Amino acid sequence: MPLNPDAVGATSDPIEVSWTSKDALLYAVGIGAGHEELPFTTENSADIEQAVFPTFPVVIGYGRGSAMGKIGTFNPAMLVHGQQAITLHRPIPVEGTVTISGEIIGMYDKGKAAVVESRNTAVMDGEPLYTTTMSAFIRGEGGWGGERGPSGPKNVPPESAPDHTVGYQTSRDQAFVYRLSGDRNPLHTDPKFAAMGGFDTPILHGLCTYGFTGRALLHTVCDSDPSKFRHIEGRFASPVFPGEALTIRMWSDGPGKTLFTTSAGEGDTERIVIDQGLLEHS
Ligand SMILES: CCCCCCC[C@@H](O)CC(=O)SCCNC(=O)CCNC(=O)[C@H](O)C(C)(C)COP(=O)(O)OP(=O)(O)OC[C@H]1O[C@@H](n2cnc3c(N)ncnc32)[C@H](O)[C@@H]1OP(=O)(O)O
């Protein structure tokens with residue numbers, strides 16, 4: 001059975017998931033943090049309280065609570081992560097339990113591909129903690145005559161030079177650490193599976209690049225304070241190969257708003273890998 005466009009509105013059964021301090025530390029090293037970010041990478045440094053990166057919700061209970069299981073069948077090697085947004089209602093504690101509910105909120109026919117949007121809402125102690133929205137871009141699954149969905153430019157930065165630029169280096173083996181936070185998709189580690197998806201070598205998890213990007217934004221425009229980081233959104237514009245350098249460029253867009261892009265590679269190979277980036281912060 002192929003994709004089922006009638007799955008829009010399908011919901012998952014709410015499910016309880018928990019995480020520990022160690023999960024937050026593992027996520028931190030998976031997105032490249034280390035000795036310069038001790039609050040996020042240690043729980044026992046003198047006079048430092050452990051903190052959690054605001055992009056951590058994307059791995060809490062990874063995949064559990066999502067309604068994506070209701071969209072029908074497709075070749076998993078043809079799926080790439082398309083877009084991701086995270087809204088934080090309060091900072092994420094070092095450990096905790098949430099109840100996650102998922103819903104399919106859109107299924108768009110792009111002709112050569114299907115774009116499937118889903119939303120997860122997480123509640124802790126009866127109050128919303130965070131909401132995540134993601135889209136999957138499934139190549140070869142369009143063409144059923146459905147709505148084309150959103151298109152056109154969004155969160156376009158000005159032509160002017162960025163207000164801030166941060167560079168990070170991913171490691172050749174970055175995906176092997178990042179996957180331990182939950183996403184074991186072999187697209188990121190197995191050359192044969194990657195080849196089935198049309199890639200010469202495994203590509204980096206989109207959410208790993210997203211985590212590096214969130215670190216840059218947190219430290220540059222939120223004074224490294226997760227409580228100032230309210231909402232982030234962006235679109236995966238091109239694959240990243242493990243070992244590539246990342247450059248995150250930021251433009252202030254008025255009070256509490258920063259537009260951003262993330263690029264990978266250097267010189268001739270540099271290209272934007274996250275576009276339509278927006279951070280809302282205080
Ligand atoms: C069930 C379990 C769920 C688990 C989810 C996550 C699992 C993870 O392990 C998977 C990953 O991490 S994959 C890695 C991260 N993602 C990527 O690397 C994708 C990078 N992007 C691309 O390759 C292309 O932009 C590409 C291929 C996405 C699009 O490029 P093109 O084919 O050239 O498309 P284009 O002609 O530019 O546009 C066609 C229409 O699609 C819309 N669109 C483009 N990029 C999109 C994107 N990233 N997300 C959503 N929609 C997108 C365009 O707007 C266009 O629509 P329209 O014509 O209506 O304007």
Side-chain angles (χ1 to χ4, degrees), residues 3-4 7 10 12 30-31 55 58-59 61-86 102-120 132-143 145-156 170 174-176 178-190 193-194 196-213 233-242 244 246 261-265 271-277:
L3 285 185
N4 170 21
S12 63
I31 59 167
T55 50
V58 295
V59 295
Y62 183 76
R64 294 171 68 209
S66 164
M68 284 296 284
K70 310 242 167 129
I71 67 170
T73 54
F74 56 90
N75 177 356
M78 299 303 278
L79 178 150
V80 288
H81 202 149
Q83 292 159 295
Q84 182 71 48
I86 308 167
E103 181 178 356
I104 303 299
I105 55 174
M107 246 169 129
Y108 304 113
D109 182 352
K110 298 295 186 185
K112 59 183 168 182
V115 171
V116 182
E117 282 187 3
S118 69
R119 182 172 56 218
N120 280 2
T132 58
T133 309
M134 66 87 69
S135 77
F137 189 98
I138 312 176
R139 294 164 293 156
E141 288 293 344
E147 247 184 81
R148 214 173 160 86
S151 72
K154 193 180 167 193
N155 302 334
V156 181
T170 68
Q174 198 72 51
F176 293 89
Y178 183 80
R179 72 196 289 274
L180 299 177
S181 282
D183 183 354
R184 308 276 181 113
N185 185 346
L187 180 63
H188 310 297
T189 44
D190 178 0
F193 189 90
M196 285 193 281
F199 296 106
D200 292 341
T201 64
I203 62 172
L204 193 58
H205 300 77
L207 288 177
C208 182
T209 308
Y210 202 84
F212 274 84
T213 301
E233 60 186 55
R235 186 175 80 149
F236 297 108
S238 186
V240 175
F241 297 96
E244 288 195 292
L246 300 176
T261 61
T262 301
S263 299
R271 73 257 171 230
I272 291 184
V273 294
I274 299 181
D275 64 6
Q276 303 192 355

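Since this is a predicted model, take the numbers as computed values, not measurements. We count ligands from 1, going down the list as the structure has it; atoms in each ligand are counted the same way.
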Expected output: side-chain [X] to main-chain [Y] donor-acceptor under 3.5 Å:
{"X": "Gln174", "Y": "Gly30", "result": "yes"}
{"X": "Thr170", "Y": "Pro242", "result": "no"}
{"X": "Asp109", "Y": "Gly142", "result": "no"}
{"X": "Arg139", "Y": "Ala77", "result": "yes"}
{"X": "Ser118", "Y": "Met68", "result": "no"}
{"X": "Lys112", "Y": "Gly140", "result": "no"}
{"X": "Ser66", "Y": "Gly102", "result": "no"}

Heavy-atom check, side chain of [X] versus side chain of [Y], under 4.5 Å:
{"X": "Ile86", "Y": "Val58", "answer": "yes"}
{"X": "Val80", "Y": "Phe199", "answer": "yes"}
{"X": "Leu204", "Y": "Tyr178", "answer": "no"}
{"X": "Phe137", "Y": "Leu79", "answer": "no"}
{"X": "His205", "Y": "Arg179", "answer": "yes"}
{"X": "Leu187", "Y": "Ile203", "answer": "yes"}

Relative to the heavy atoms of [X], which atoms of ligand 1 are at a distance of less than 4.0 Å?
{"X": "His205", "answer": "12 (O)"}
{"X": "Met134", "answer": "5 (C)"}
{"X": "Asn185", "answer": "7 (C), 8 (C), 9 (O), 10 (C)"}
{"X": "Arg148", "answer": "57 (P), 58 (O), 59 (O)"}

In the protein, what heavy atom is nearest to [atom], and what distance, to one decimal place, separates them?
{"atom": "atom 8 (C) of ligand 1", "value": "Asp183 OD2, 3.3 Å"}
{"atom": "atom 35 (P) of ligand 1", "value": "Lys112 NZ, 3.8 Å"}
{"atom": "atom 40 (C) of ligand 1", "value": "Lys110 CD, 3.8 Å"}
{"atom": "atom 18 (O) of ligand 1", "value": "Pro239 CA, 3.3 Å"}
{"atom": "atom 60 (O) of ligand 1", "value": "Ser151 CB, 2.6 Å"}
{"atom": "atom 50 (C) of ligand 1", "value": "Gln83 OE1, 3.5 Å"}
{"atom": "atom 44 (C) of ligand 1", "value": "Arg235 NH1, 3.5 Å"}
{"atom": "atom 22 (C) of ligand 1", "value": "Ala237 O, 3.7 Å"}

Pick one of side chain, backbone, both or neither for how [X] approaches ligand 1, counting any non-hydrogen atom pair under 4.0 Å.
{"X": "Ser238", "answer": "backbone"}
{"X": "His81", "answer": "both"}
{"X": "Leu204", "answer": "backbone"}
{"X": "Ser66", "answer": "neither"}
{"X": "Phe236", "answer": "both"}

Kindly state if atom 37 (O) of ligand 1 has a protein heavy atom within a strict 4.0 Å cut-off, that is, under 4.0 Å?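 False for atom 37 (O) of ligand 1.
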So, taking the atom named CD1 in Ile31 and the one named SG in Cys208, what distance separates them when rounded to the nearest 0.5 Å?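 Ile31 CD1 to Cys208 SG: 7.5 Å, rounded to 0.5 Å.
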Heavy atoms only: which of [options] is nearest to [atom]?
{"atom": "atom 4 (C) of ligand 1", "options": "Tyr62, Phe74, Tyr178", "value": "Tyr62"}
{"atom": "atom 52 (C) of ligand 1", "options": "Tyr210, Phe137, Phe241", "value": "Phe137"}
{"atom": "atom 2 (C) of ligand 1", "options": "Ile272, Val116, Leu79, Val115", "value": "Leu79"}

Contact check: [X] vs ligand 1, nitrogen or oxygen atoms, below 3.5 angstrom:
{"X": "Leu187", "value": "no"}
{"X": "Pro150", "value": "no"}
{"X": "His188", "value": "yes"}

Please confirm whether Leu207 comes under 4.0 Å of ligand 1, counting heavy atoms of the residue only.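 Under 4.0 Å: no for Leu207.
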Answer yes or no for Ala136: is there a heavy-atom contact with ligand 1 below 4.0 Å?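 Ala136 does not count as a contact of ligand 1 under the 4.0 Å cut-off.
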Can you name the side chain to side chain donor-acceptor pair (under 3.5 Å) partners of Gln84, sequence neighbours left out?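 Side chain to side chain donor-acceptor pair (under 3.5 Å) check on Gln84 returns His81.
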